[in-house]
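To keep things clear, I will list the structure first and then write my remarks on it.
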Amino acid sequence: MRKIGSALALLIVGSFLVSFIAVPANAVTTPTASWEVGDKWAMGKEMDIGANFTEMKGEIEDMIEGYLNLTVNKLDVDGTACFYALLEVTSETATTYAVTSKVAMKLDTKIDVSVSGMLPAAGTYSYGDNPFSPTSTVNKQSKTVTVDVSEKLGVVVTSTAIVQKSTHAISNITVDTTGALTLEVDATNIPNVNNSNGQQVISYKNYDLGAKACIDMIVYMDFQPALDLFQLPVAKGELWYTNSSTMTISGQVTGFVDAHGLEDEWKESIFTEEFVNATGSSDFPINLDKLNSEDPKITNGHFGPVTSEIPSMKMKCLSTSVTHEVNGVSKEYYVIEVNDAQRILYCPTLGFMCGGAITTDTQDMPFELPEGADMVTGILGDEFSLDPMSTDTAASEISSIESYTSSVEKEAKGESSIADFFLKSPYLGTLMVIGAAACIGIILYIGTRGRKAAP
């Protein structure tokens, strides 16, 4: 049950962090300054993964060719990663504001790798043979290893935070998340090594692997006492610690996770007795509506109420600042460092948080990543920043990602869009059929005329 609980905790923490980004702070000079319903601001970033990878490409090629004595035929990474947030003050009471945010994230990546060279022939070897060493004298054969990866991920998060007017501390947050994923991996001649009785049995396998998932989750979070992040006013060089708070969480998760092409031993490591008891699934697809756990308590995808202590966080406003231009207007932003690692941008003249910077150094991540994840995060660059931007631009980008997420969801669910292809504007399928029918008709007409005219 611990693994299920950890996975759920990660989802909740992730949702909380997104909402944390979305919660504004007050102005420095007037801690009780008011907002108006309809006030909006936005932040975002789009990253060219392929361009970032190009900077690492030469180093990786040198490693493959130098240490493994293999020739790199192709090593292409293409894709984009983007993240946008649009926030708006949507309502108010005598004592609180409601701040609604819509956050959208997209990842669309393709990887195409091909290397060739002399690799050990399939067979049994001793460890002393060191068969994969370029200097090994074992029997070798010419092999070409290929890997093609295609990944699509779309996530849309809508949250509403209730913020106290007097302090701008957070009383509660409601987070509604929709996400969809498809992943396909085709690989040929992948070395497979089994160690047995002091020997290595080498074979080569082809793989056709895939995974898809659709997840919908709604989370309700209440904070007692209200979470006061900024303890206004904020000044350059100031150091403070947020208050501790007790967070009470409840919610529901629905959806599924599916996969194909997995080896039997891989499935065995996934579908343990504990996992089967918790999910009700002994094979893919895994139905999240049937998710059950005792710690934390989850019944058919419903969880909570669960209480969790939020410890005090170290906050420091650096003595330096940065400037960003939005809609032709330049503004100064303070940089606030959270727990000596992640950074957020705070605008004293606008009175709210308008951006942030997350380091991709796995040592400074707020949660632990799997071993080897630095190879992936390195492609994103040293830092993933969210910059202040036009609300109109953010709204347009978020709308596009919502459509993208919907298409990925249809693909993951196996819902063919063939009906839309024929029946919705611009009716491309219908036009193609009409065009094909016309061509066939013309061909038959000419052919028939030719035969009738022959003597």
Side-chain angles (χ1 to χ4, degrees), residues 3 6-7 53 56-77 79 109-151 181-213 257-276 282-284 286 362 368-379:
K3 291 182 180 179
S6 299
F53 176 78
M56 305 169 57
K57 186 174 180 179
E59 181 181 347
I60 295 175
E61 288 179 339
D62 290 343
M63 181 184 68
I64 294 174
E65 295 178 350
Y67 289 97
L68 300 177
N69 198 29
L70 298 174
T71 299
V72 177
N73 306 315
K74 184 181 291 186
L75 183 58
D76 294 334
V77 174
T109 308
K110 293 182 179 180
I111 302 173
D112 191 358
V113 179
S114 173
V115 297
S116 60
M118 302 304 292
L119 292 174
T124 302
Y125 303 91
S126 68
Y127 289 118
D129 290 331
N130 201 9
F132 284 100
S133 170
T135 60
S136 176
T137 58
V138 302
N139 183 32
K140 295 191 175 184
Q141 295 178 339
S142 177
K143 293 279 187 182
T144 298
V145 180
T146 65
V147 179
D148 293 321
V149 180
S150 175
E151 180 182 13
L181 163 75
T182 62
L183 172 66
E184 291 294 331
V185 180
D186 292 312
T188 59
N189 287 328
I190 302 299
N192 180 67
V193 181
N194 287 321
N195 299 313
S196 177
N197 298 323
Q199 293 182 314
Q200 294 176 302
V201 180
I202 296 177
S203 60
Y204 294 87
K205 289 189 174 184
N206 298 335
Y207 293 96
D208 179 8
L209 309 174
K212 54 186 180 180
V257 179
D258 200 1
H260 68 82
L262 302 185
E263 299 280 308
D264 290 340
E265 56 266 31
W266 300 349
K267 285 189 177 183
E268 289 176 4
S269 66
I270 296 172
F271 294 99
T272 62
E273 181 179 356
E274 179 186 40
F275 187 90
V276 172
S282 57
D283 199 353
F284 290 107
I286 300 169
T362 54
E368 185 176 354
L369 292 177
E371 183 178 353
D374 53 340
M375 287 294 292
V376 178
T377 58
I379 296 176

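As a basis for the values below, the full set of heavy atoms in this structure was taken, side chains included, without hydrogen atoms, waters or symmetry mates.
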(request) In sequence, state the C-alpha distance, the side-chain angles, and the governing distance for Lys267 and Asp283, and then conclude on side-chain contact (heavy atoms from CB on, under 4.5 Å). (result) CA-CA 8 Å; Lys267 285 189 177 183; Asp283 199 353; 3.3 Å; yes
(request) Mark yes when over 12 heavy atoms from residues, nucleotides or ligands other than Lys143 sit less than 6.0 Å from its NZ; otherwise mark no. (result) yes
(message) Quick check: closest heavy atoms across Ile190 and Tyr207, and the distance to 0.1 Å?
(response) CB-CE1, 3.8 Å
(request) Flag the pair Glu184 and Lys212 as a salt bridge only when some basic side-chain nitrogen lies within less than 4.0 angstrom of an acidic carboxylate oxygen. (result) no
(message) Do Leu119 and Val145 make a side-chain contact, defined as non-hydrogen atoms from C-beta onward lying under 4.5 Å apart?
(response) yes
(message) Whether the side chain of Ser136 engages the backbone of Asp129 through a donor-acceptor N/O pair (distance < 3.5 Å, no angle test) should be reported.
(response) yes
(message) Could you measure the distance from the CD1 atom of Ile270 to the CZ atom of Phe275? Nearest 0.5 Å is fine.
(response) 7.5 Å
(request) Could you tell me which non-hydrogen atom of Pro191 sits nearest to which non-hydrogen atom of Phe132, and how far apart they are? (result) CB-CZ, 3.8 Å
(message) Give me the atom names and distance for the closest heavy-atom approach of Ser114 to Thr144.
(response) OG-CG2, 3.7 Å
(request) List the steps, then state whether side-chain contact (heavy atoms from CB on, under 4.5 Å) holds for Lys140 with Val138. (result) CA-CA 6 Å; Lys140 295 191 175 184; Val138 302; 4.2 Å; yes
(request) Nearest 0.5 Å please: distance from the OH atom of Tyr127 over to the CD atom of Gln200. (result) 5.5 Å
(request) Enter the distance from Phe284:CZ to Ile286:CD1 here, rounded to the nearest 0.5 Å. (result) 4.5 Å
(request) Would you please test Val72 and Leu70 for side-chain contact (heavy atoms from CB on, under 4.5 Å) and show each step? (result) CA-CA 6 Å; Val72 177; Leu70 298 174; over 6 Å; no
(request) Determine whether Pro131 and Ile202 make a side-chain contact, defined as any pair of heavy atoms from C-beta on separated by less than 4.5 Å. (result) yes
(message) Counting only heavy atoms from other residues, nucleotides and ligands, does the tally under 6.0 Å from CG of Asp264 exceed 12?
(response) no
(request) Please round to the nearest 0.5 Å and tell me the distance separating atom OG1 of Thr146 and atom CG of Asn189. (result) 7.0 Å
(message) Please determine whether side chain to side chain donor-acceptor pair (under 3.5 Å) holds for the pair Ser116 and Asn73, giving the CA-CA distance in whole Å, both sets of side-chain angles, and the decisive distance to 0.1 Å.
(response) CA-CA 7 Å; Ser116 60; Asn73 306 315; 3.2 Å; yes
(request) Taking only Lys NZ, Arg NE, NH1 and NH2, and the carboxylate oxygens of Asp or Glu, determine whether Asp76 and Lys57 approach each other closer than 4.0 Å. (result) yes
(message) Using side-chain heavy atoms (C-beta onward) and a distance below 4.5 Å, is Leu183 in contact with Val149?
(response) yes
(request) Using modelled atom types only, decide if a donor and an acceptor are shared between the side chain of Ser269 and the backbone of Trp266 within a distance under 3.5 Å. (result) yes
(message) What's the separation between atom CD in Glu151 and atom CG in Leu181, rounded to the nearest 0.5 Å?
(response) 6.0 Å
(message) Looking at Glu273, I want to see if its CD is surrounded by more than 12 non-hydrogen atoms of other residues, nucleotides or ligands under 6.0 Å.
(response) no
(request) Quick one: pull up CG in Asn206 and CG in Asp208 and give me the separation to the nearest 0.5 Å. (result) 10.0 Å
